[in-house]
Amino acid sequence: MFADLHLHSHFSDGTFTPEEVADRARRCGLGAAALTDHDTVEGGARFLKACSEEGIEGVLGAELTAEEDDTEVHILGYFLDPTHARLSTELAACQQTRQDRIRQMAAKLNDLGIPLRAEAVFELAQCQSPGRPHVARALVTRGHCRSLDEAFQRFLRMGRPAWVPKRRMSAAFAIDLIHDAGGVAVMAHPALTRKDSLIPKLADFGLDGLECWHTKHTAAQTDRYLAQANECRLLITGGSDCHGMSKGRPLIGSVRLPWHYYEELKEAAARRKAANLVDQAAAKS
Ligand code: AMP
Ligand code: FE
Ligand code: FE
Ligand code: ZN
C-alpha cells in the first residue's frame, strides 16, 4: 500500500474538486491521500467524506507559505483540526493578503498596458486562496499570453514586472501553528527551496518531517534528503504535488510513499493530539 501526501484542489491552485482528487487517488491504487491546498483547509471536509466513500484513508492537510532567512519555505501540515480557532484566524489572514496581492498584480499589469481586472481573476479562481497560477490562467484565457509558462516568464516570476511578494509567516510560527491545531509539520520539496541549511534549523524549531520524495526531486536528491532526514531525526514523507490538469497530465500517484512512513506520520499526529489534550487540561487546572 502507498500514499500520496501532496495534492491540490480548486480550493487553491489545483483544477480538481476534492471528490475528483479522492476518486483519482483510489483509481490509481493509493491507500491514502492528503489534500494540501495552499493556505487553506476549505476543501478538507469534502475530501475526507469523499475518501471514506472511496474506501481509502484521507488526510486533511494544508501547505503553509512561510519564510526563513529571506527564503520562501512551504510547510505541510497534516491531520489538522479544521475548526481550530487560531488556525482559522491565521489562514483567513493569509487568504486576505493573497487577495490583496492579486489586486496589486492586476494594477502592475495595468501599468504595463495589460487591461486585466482583479475581478476577472477572482471570477476564474473561485476560491479564497488565489495565487499567481490564477493570474496566469486569466492572462491566457484573455489572450494576453499564449501559455501559462509565458505568463510566468514574462510577468509573474520573482523579479518580473508584475511580481508581488507574499506576506509570509515565519517557519517557526507555521510549525507551532500546525502543532497547536493537532497536526504534524513537514518541510515540502526541499530541492525546490534549495537551502538545505534550513533543514537542521527547522528541525530545531520542532519540524516533524521532510518531504523526501517529490515529482521534481531527482533520485540522487531523494537519497540525500532521506539521509538528512535520518540525521535530523525527521519523519520521511512524499507526494506528487499534483495540481490537477493545470500542469499537463495529472501527477497524482506518480509519487508513492511506502505505507510504513505514512503510518509513522499518523502515529506522530496521534501523539501530538494527546499531548495537546494534556496541555489543555493542565491550563484549565
Ligand atoms: P503563489 O503561491 O501565488 O506565489 O504561486 C505559486 C504557485 O505557482 C506554485 O505553487 C506553483 O503551483 C505555481 N508556479 C510557480 N512557478 C510556475 C511556473 N513557472 N509555471 C507554472 N506554474 C508555476
Ligand atoms: Fe501550487
Ligand atoms: Fe509548494
Ligand atoms: Zn504544493
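This chain uses plain numbering: 1 for the first residue, then up along the sequence. Both counts, for ligands and for their atoms, begin at 1 and track the order of listing. Keep in mind that the numbers below use all heavy atoms, side chains included, and drop hydrogens, waters and symmetry copies.
For a distance bound of 2.8 Å, the N, O or S atoms of His6 include one lying that close to the Zn ion (ligand 4). Contact annotation: His6 places no N, O or S atom under 2.8 Å from the Fe ion (ligand 3). Put simply, Asp13 gets within reach of the Fe ion (ligand 2), with an N, O or S atom under 2.8 Å from it. Counting backbone and side-chain atoms alike, His243 contributes an N/O/S atom closer than 2.8 Å to the Fe ion (ligand 2). At a cut-off of 2.8 Å, His8 is counted among the residues with an N, O or S atom near the Zn ion (ligand 4).
More than 12 heavy atoms of other residues, nucleotides or ligands lie within 6.0 Å of NZ in Lys195, so this atom counts as buried by the packing criterion. No more than 12 heavy-atom neighbours from other residues, nucleotides or ligands sit within 6.0 angstrom of CZ on Arg157.
Within the cation-pi definition used here (under 6.0 Å to the ring centroid, within 45° of the axis), Arg86 qualifies as a partner of Phe173.
In this structure, His8 and His243 have parallel ring planes: the angle between them is below the 30° cut-off, well short of the 60° mark. Using cut-offs of 30° and 60° on the angle between ring planes, the pair Trp213 and Tyr261 is tilted.
Looking at Glu63, its N, O or S atom nearest to the Zn ion (ligand 4) turns out to be OE1. Shortest distance from the Fe ion (ligand 3) to His189 is reached at NE2 (N/O/S atoms only). Nearest N, O or S atom of Asp241 to the Zn ion (ligand 4): atom OD1.
The ND1 atom of His74, the Fe ion (ligand 3) and the OE2 atom of Glu63 define an angle of 90° (nearest 10 degrees).
Salt bridge absent: Lys273 and Asp81 never bring a charged side-chain N and a carboxylate O closer than 4.0 Å.
To the nearest 0.5 Å, atom CD1 of residue Ile175 and atom CG of residue Leu202 are 5.0 Å apart.
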